[in-house]
Every structure is written in C-alpha cells, then in structure tokens.
Amino acid sequence: MNARSDMIPESEPARQYFYIEKCRQWLEKKKKEKGRDLTCGIFTFGCQMNFHDSEKITAILKQIGYVNTDSEEADFVLYNTCTVRENANERVYGRLGQLKAKKKKNPDSIIALCGCMMQEEHVIDKIRESYGYVDLIFGTHNIYKFAELLYTRFVSERQIIDIWKEAGEIVEDLPTQRKYTFKTGLNIMYGCNNFCSYCIVPYVRGRERSRRPEDIITEAKRLVSDGVKEIMLLGQNVNSYGKNLKPQITFAELLKRVEEIDGIERIRFMTSHPKDLSDELIRTMKESEKICRHIHLPLQSGSSDILRKMNRHYTKEGYLTLIDKLRQAMPDISITTDIIVGFPGETDDDFRETIDVVRKVKFDSAFTFKYSKRTGTPAAAMDNQISDEVMKKRFDELLLAVQEEAYERTKRFCGQVKPVLVEEINAHDPDMVTGRLENNTVVHFNGDKSLIGQIVDVKLSECKGFYYIGEINK
Ligand code: 5AD
Ligand code: SF4
C-alpha cells in the first residue's frame, strides 16, 4: 500500500491528486473491513476564509470517499480553528476534551485540527502535551497538502504535525466543492500586511499574496459553468489586491474583469480596509450592474486617538468622508462594519466617539467585539488594559445603539419589490423559502424548493427587525 517514491509526482497539484487516489484506495479497504461507509464531520470557526478553506477540505474528503455528516461522532472529525479572539480558542479546547471519550469508543476515528490557531506555537505545545489523541494537525499555509498529510496519517498511525511558519507557493486547481451550488467564495489573495496592533491575523496568515488575475478569472468561469450565480471575492484586505503582482493591477480592475464573465449575476467582496478604499473602486461599484450594493468596511473605533494606537491609518473624519462618498455615489448602498470596544487606553470619551459614528453612519449591521488580548501583538503589551466590567458596559451600550440604527435602516425597503437569490427552504416553515437581497438582508417568503438558486422578484411586505417577510411578485 505504501507509495513508491519514484512514482510520486513532484509538482502540484498532480502530487495531491496522486495522494487523493492513495487515500481513496486505503479508505475502500477500511470500508470493506468495517462493512459500512466512513463519515466525516467538519466544524468551522471564524471568518469567510475559514469557511471557504473548509469547503476545499470537504471536496477532498468527498473524493477520497468519506460521507459528510454534521455529527462529531464521525470517523473523521476536523476543527478548522480561528484565533482572532481568545474565546474561540477556549471553545476548541472544550470540544477536544469531549472528543476524548468518543475516540475511546471508536479508536479508529481520526481527529484533525487546522486553521489559524494552529499557527501559534503555544497551541501546538499544549496539544502535544495534553491532547495526545489528536491525529493530524496542519496550519493555514499547507491546506493544499491535506491529502498527502492524511495519507501519511493513514499509513503511519502516529500523530502528524505539519505547520509552516511561512507561506509557500499558491497551488491552483485542487478539487473544490460548495455548500450551495449557486453561490460561493473565491480567494483572490491570502494574508495581511496591515498589522493592526490588536490583530493576530498577519502572524498566523502571513504576508499578503495576491493570486494572478488569470487564475481568478479561470476559476470564476469554471464556477459559472458549474451553475454559480453569486461569487464573493475573498481577502483580508481586498482593496490592496494586486499590489505585489507584476504587472500591477488594482482591485477595481479585477472587479471589471470578473464582471465581464457571462453568467455571473452577483459579485460580492470582503473585507475592505478604509485606508485603501479608492475613488476608482467607488466608481466601479456605481457603474456596475453586477457588483452588489453592499460594503463591509470595518470601523473598529470611532476615536481618532484609538485608531492611531490601533495602527489603522485613518481618522474618524476620514472614515465619515468615505461613507459620504459611498452614499453620494450609491444612495441605496448597505454599509456593515466591525467594531471593537475596550481597546487598551480607551476612555469614556473615546467610546462616545464610537457611538457618535454609529449614530451618524447608521450601519445596516455591525459585528461588535470586546477587545481580546492576543499574545505577541503590540496591543497586548500596552498599558491601561480595560477591565471586564467597563468592557461589558460599553459593549452592551454599543450593541443597543447598533441594533436601533440597523433596524431603522433595514426597513427602508419596506413595500418595495427587490430581487432575492433563494438559498434554502425556511428552517422553521417548510412552505417558505429563505433568500437574500443584493445588500445581504435575509428575506423569507412562500415558495418551494424549485426556487432554490434562482433570483426572483419579491415584494418586501413586512420588516421584522433584521429580516423581511415578503411575497413573490407575480
Ligand atoms: N479583539 C477583539 N476583536 C478583534 N478583531 C480582530 N482582532 C481582535 C481582537 N484582538 C475583530 C476586528 C476584525 C474582526 C474580524 O475581528 O473587528 O475586523
Ligand atoms: Fe487584522 Fe487589520 Fe489585517 Fe484585518 S486588516 S486582518 S484587522 S491586521
């Protein structure tokens, strides 16, 4: 069963296709021994990037022959982890603890860990010490090698740890599979160069690397021929796309090239950094028929002083000016954001500035976070860390302000007819379907599964806070 080294392709992705086949043969034998199918369960924490990485891993597992399940009793369990905030790490340790008993019941089962948390040395030390029953650990830079690592685990039956400190090559053309057939994410770049002082991402995801536009367009065309109508272009800071490419290309230029692809109906992107949001991008969005009128533009704080300490490279006024420009160009645009409360040294006055921006901008929605100290980041060593009590008080006040404004804003389309991309049967009522407006707002309306994947005109009859109840417009 072992692969003879002279048979193993050296170049990628051929090498991984070779290992996928090896794994498949191995699993076939296991299935015969057990007289049943083998299952896999993938559990993802964190951002869109991680969810998209999980899609890639799921596609490989499927090719190998695993049957996907939602259960942690599966024969192969993977946690794709996030380490942006401490509580995400705690949750992973908690769930790993529970898996120990399951592993005792099914000793053949495989437990794997990947994602940002694995790029931290102290995490790997802790897993080695206290979670010896974890079978396979890999990081953010070598996901493409998953089949090879899994095969190594299959045949060696020891704990496999493979973490790369630096990113290697960008490997194209691996298998992919999608949660929804009609919409998906597409990585346009990896890593981040911004080093916001609170953030661990640049340390665990490495420096910024853009994919070549030709590769992105080829992938987008393939997705469209597979039935995809909506594509979300993914990167930690899409506005700086292309800066490290030769010849250079801007994000707006890339968008125009994606827009030209026949069959794409909606283009989204995530995440934008305010410091790099160009007039060219605003113009491109305004002139586009396909780019959704939605921008996720993390504010983080409304205080220019805190923004400076966060190393964000813009001020409160600068941010508000950007919002004005966006709204002047596209009065309907939805603006969503991320906000952190309790950054070290944040005074009551600083916090008031954040509330002021929330009241002025009226975000369509906002993800709000309590500052979480990440070892190794500059902010972790700053004086005046904020107490839990103050943090909680500010967090509650912020959430209330965000919700009030978001509700007012969401309902602005009430009574209008808008196109909705139908995603699934409603979770609570089988006679209804659930979809999304161009600006990402959820709409529920009467319909059946034949509508899934279609864009239909829906009258938005009633606004229920953050979503609409509608009826199909005949
Ligand atoms: N503490 C709290 N929130 C954080 N984020 C990033 N790092 C931290 C941290 N240390 C938030 C930011 C970012 C989002 C993805 O997570 O708001 O935009
Ligand atoms: Fe983190 Fe800032 Fe990069 Fe976003 S832009 S991933 S917050 S360092």
Side-chain angles (χ1 to χ4, degrees), residues 44-53 81-91 115-117 119-120 140 167 185 187-210 232 234-241 243-244 251 269-277 295-303 306-314 319 335-346 351 354 357-358 363 365-382 385-388 390-392 394-395 398-399 402:
T44 310
F45 300 82
C47 67
Q48 295 280 346
M49 291 276 195
N50 268 15
F51 279 88
H52 190 47
D53 285 345
T81 63
C82 167
T83 187
V84 162
R85 287 167 292 275
E86 182 66 31
N87 54 7
N89 291 32
E90 294 307 328
R91 274 164 58 204
C116 295
M117 198 176 145
Q119 294 292 139
E120 292 184 279
T140 53
N187 289 113
I188 62 165
M189 59 200 300
Y190 304 94
C192 179
N193 283 355
N194 292 312
F195 289 93
C196 301
S197 61
Y198 50 81
C199 184
I200 201 157
V201 168
Y203 306 90
V204 294
R205 288 260 172 189
R207 291 299 65 68
E208 215 167 86
R209 282 116 34 224
S210 297
M232 163 92 85
L234 294 172
Q236 302 292 350
N237 174 12
V238 291
N239 299 127
S240 69
Y241 170 78
K243 285 189 179 156
N244 61 352
F251 178 54
F269 53 87
M270 182 104 111
T271 287
S272 294
H273 193 305
K275 81 179 166 61
D276 298 313
L277 181 79
I295 192 160
H296 185 70
L297 197 63
L299 166 70
Q300 311 300 6
S301 168
S303 149
I306 294 293
L307 286 168
R308 192 174 38 74
K309 291 183 186 152
M310 286 179 162
N311 195 29
R312 291 288 290 175
H313 297 280
Y314 56 87
Y319 187 91
I335 300 172
T336 56
T337 201
D338 294 343
I339 303 172
I340 300 174
V341 294
F343 183 84
E346 184 187 68
F351 176 63
T354 299
V357 177
V358 167
F363 294 105
S365 75
F367 295 108
T368 49
F369 305 107
K370 291 179 190 157
Y371 167 72
S372 168
K373 195 171 173 176
R374 309 313 291 130
T375 313
T377 61
M382 287 180 187
Q385 300 279 331
I386 305 297
S387 71
D388 288 348
V390 171
M391 192 115 72
K392 182 170 184 328
R394 289 183 187 161
F395 181 84
L398 175 66
L399 192 63
V402 160

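Order of listing sets the numbers, starting from 1, for every ligand and every atom in it. Just so you know, residue 1 is the first one in the sequence shown, and it goes up from there.
For the pair Cys116 and Cys82, the tightest heavy-atom approach, listed with the atom from each and the gap, is CB-CA, 4.5 Å. Scanning both residues, Thr140 and Gln119, for their nearest heavy atoms gives N-OE1, 2.8 Å. Nearest heavy atom pair, residue Asn89 against residue Thr83, reads OD1-OG1, 3.1 Å. For Ile306 against Phe343, the heavy-atom pair with the smallest separation is CG2-CD2, 3.9 Å. Taking both residues in full, the closest heavy atoms of Ser240 and Glu208 are given as OG-OE1, 2.8 Å, listed atom of the first, atom of the second, then distance.
Near Tyr371, meaning under 4.0 Å from one of its heavy atoms, ligand 1 places the atoms 1 (N), 2 (C). Interface of Ile340 with ligand 1, defined as ligand atoms under 4.0 Å from a residue heavy atom, comprises 3 (N), 4 (C), 5 (N), 12 (C), 17 (O). For ligand 2, the atoms closer than 4.0 angstrom to any heavy atom of His273 are 5 (S). The contact set between ligand 1 and Val84, taken as ligand atoms under 4.0 Å from a residue heavy atom, comprises 4 (C), 5 (N), 6 (C), 7 (N), 8 (C), 9 (C), 10 (N), 16 (O). Interface of Gln300 with ligand 1, defined as ligand atoms under 4.0 Å from a residue heavy atom, comprises 12 (C), 13 (C), 17 (O), 18 (O). Residue-ligand proximity, Arg374 to ligand 1, at heavy-atom distances under 4.0 Å covers atoms 10 (N). Heavy-atom proximity to Cys192, at under 4.0 Å, picks out these atoms of ligand 2: 3 (Fe), 5 (S), 6 (S), 8 (S). The ligand atoms of ligand 2 that sit less than 4.0 angstrom from a heavy atom of Gln236 are 6 (S). Each of the following atoms of ligand 2 lies closer than 4.0 Å to a heavy atom of Phe195: 8 (S).
Regarding atom 7 (S) of ligand 2, its nearest protein heavy-atom neighbour is Tyr198 OH, 3.3 Å. Scanning the protein heavy atoms around atom 1 (N) of ligand 1, the nearest turns out to be Ser372 N, 2.9 Å. At the shortest separation from atom 8 (S) of ligand 2 among protein heavy atoms lies Cys196 N, 3.4 Å. Here the heavy atom of the protein found nearest to atom 1 (Fe) of ligand 2 is Cys199 SG, 2.3 Å. Looking from atom 5 (S) of ligand 2 to the surrounding protein, the closest heavy atom is Asn194 ND2, 3.4 Å.
The backbone and the side chain of Tyr198 each have at least one atom closer than 4.0 Å to an atom of ligand 1 (non-hydrogen atoms only). Residue contacts with ligand 2 for Pro202 involve side-chain atoms from C-beta outward but no N, CA, C or O (heavy atoms, distance under 4.0 Å).
Between Thr377 and Tyr198, every side-chain heavy-atom pair lies at or beyond the 4.5 Å cut-off.
By the 6.0 Å and 45° rule, Arg91 does not stack over the aromatic ring of Phe45.
Between Phe195 and Tyr203, the two ring planes are perpendicular [angle over 60°; tilted spans 30° to 60°].
Distance check for atom 3 (Fe) of ligand 2: a protein heavy atom is found below 4.0 Å.
Although no hydrogens or angles enter the test, the distance criterion places a donor-acceptor pair under 3.5 Å between the side chain of Arg394 and the main chain of Glu346. Judged purely by atom type and a 3.5 angstrom limit, Ser197 has no side-chain atom pairing as donor or acceptor with the backbone of Pro378.
For atom 5 (N) of ligand 1, the nearest non-hydrogen atom from the set Arg85, Lys370, Lys373 belongs to Arg85. In this comparison of Thr271, Asp338, Thr368, the heavy atom closest to atom 15 (C) of ligand 1 sits on Asp338.
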For this session: Would you sort out whether His296 and Asp338 count as a side chain to side chain donor-acceptor pair (under 3.5 Å), showing the intermediate values?
Result: CA-CA 8 Å; His296 185 70; Asp338 294 343; 3.0 Å; yes
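Ligand 2 has no atom lying under 4.0 Å from any heavy atom of Arg205.
The pair Arg205-Asp53 meets the salt-bridge criterion, since a charged nitrogen lies less than 4.0 angstrom from a carboxylate oxygen.
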